[in-house]
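The block underneath contains the structure these notes are about, expressed in structure tokens.
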Amino acid sequence: MDSAGLGDRAARLLSRAIRIPTVNPPGNEASLAALYVETLRAAGLEGELIETPHGVEPGQDPGARGSAARRAGAWGRLRGTGAGRPVVLLSHLDVVPADPLEWELDPFSGAIRDGRVHGRGALDAKGVSVIHLLALTELSRRESPLSRDLIFLATPDEERGGRLGAGYVTRERPELLGNAELMLTEGGGIQPGGGETPAIWAVTVNEKTPCWLELRTTGETRHSAAPAPDAAVPRLIAALDRVRRIETPITVLPEVADMFRAMGAAAPDESRAGYRDLSRALREDPAFRRRFLRNPSRNALVRDTIAITVLEGALSTNVVPGTARAELDVRLLPGTSCSAFRAQLAEVIDDDAVLIRELMSFTPTRPSPGEGSPLLRAIRTIAAAEEPGAVVVPRLIGGSTDAHWFRELGIASYGFVPRRLAPSDALGIHGRNEAVSIQNLEDAVRILVELLVVLDADTQP
Ligand SMILES: [Zn+2]
């Protein structure tokens, strides 16, 4: 296959994509979706702009931000022979905000400098869309078709929960997915090794479930020179004080036990034995337990977490407000429902005057198959060829992507983009100075192409 200039083509497309502003809210993703559709069609592939609702979020004024935005998704397809079921390559069009004052380069200029493409979305997730799109165009130049259809899907609204993007597509336009068996999306990738440490190919098989809650108290609005004792703000603070003291129980799910067992080989000496049997080590080895839980990312993998994020009271020092509210970002281990958690929380708060409302929640999902999955098998094959000694780790992540919408439909979904991201690169995701190297883009397209070809060979009857 002639892949000359692959990295440069990827960089140019990504740079154009970054220059199209899609900060959500309001998203305004239609122009970017149109760029992808046009690129797919120019390469001779099927491409379609998907109308998606503009929508108003809960708690948002109709007519406020968002309603004037032009939103859409992009869909494309490379037809296979039909001997195997389709694979969906999913990414999202929207990005989180970026403050130009905090960046070294303008986050929306798409500058290509020092072998890297810079800007918001370079990694999350315009870079992913570009890798998917170019993998499809590379594969379209093969002489014999693959057995599976490959479906490109880039949706709006992921950064705000995806209800108006992937949620809409899975609910209202499932025909766009064919009878897909597999899905690949963001949420995993290659962590480079170094020295004694092998590279880790992290493949996400499940995600924690966000459960966003609002706590609201009410009282009398009055002059703050004569406050009443049961005003809204002190009442809310008392409730939040109980919330912040909650110690959620530790639970090691099978996918998490498997994940740490696989990571054992790459773990520091003092943790290796504990990783082999995480559940027992957390129960029986207090020193290991302390070390493990001290790391917030690891802690989040074995328990529900509660972050108090938004606080609202009066807008002025000399007013006792009639209402006070707080928002909690609760992340549940798969299997727990938001309503069950809310009921437990109400018991802990133990104050009927504190109203608890669900702002957002997802249906808990079961993990996509680890062993026995043809996709995971293909990833293992490519990892062994690409990077002998690399460890493939199926894992749970504390964050969440749009994958759950597809898991709910029974599509085995995996978070894996074959990019090599050092921890310092990954800081750019939702952070400052997001960038990706052209080499990384090129390697990712090449590895994804090989992965899909190996998967196809495994599919042939
Ligand atoms: Zn993302």
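Since this is a predicted model, take the numbers as computed values, not measurements. We count ligands from 1, going down the list as the structure has it; atoms in each ligand are counted the same way.
Between the Zn ion (ligand 1) and the N, O or S atoms of E186, the shortest distance is to OE1. Nearest to the Zn ion (ligand 1), among the N, O or S atoms that D124 has, is OD1.
Checking L333, L278, L301 one by one against V252, the side-chain contact (heavy atoms from CB on, under 4.5 Å) holds for a single residue, L278. Under the side-chain hydrogen bond (donor to acceptor under 3.5 Å, both in side chains) test applied with H92, the options E186, K126, E29 reduce to a single match, E186.
Around atom CZ of R85, more than 12 heavy atoms belonging to other residues, nucleotides or ligands sit under 6.0 Å away.
Using cut-offs of 30° and 60° for the angle between ring planes, the W405 and F362 rings count as tilted.
Taking backbone and side chain together, E159 holds no N, O or S atom under 2.8 Å from the Zn ion (ligand 1).
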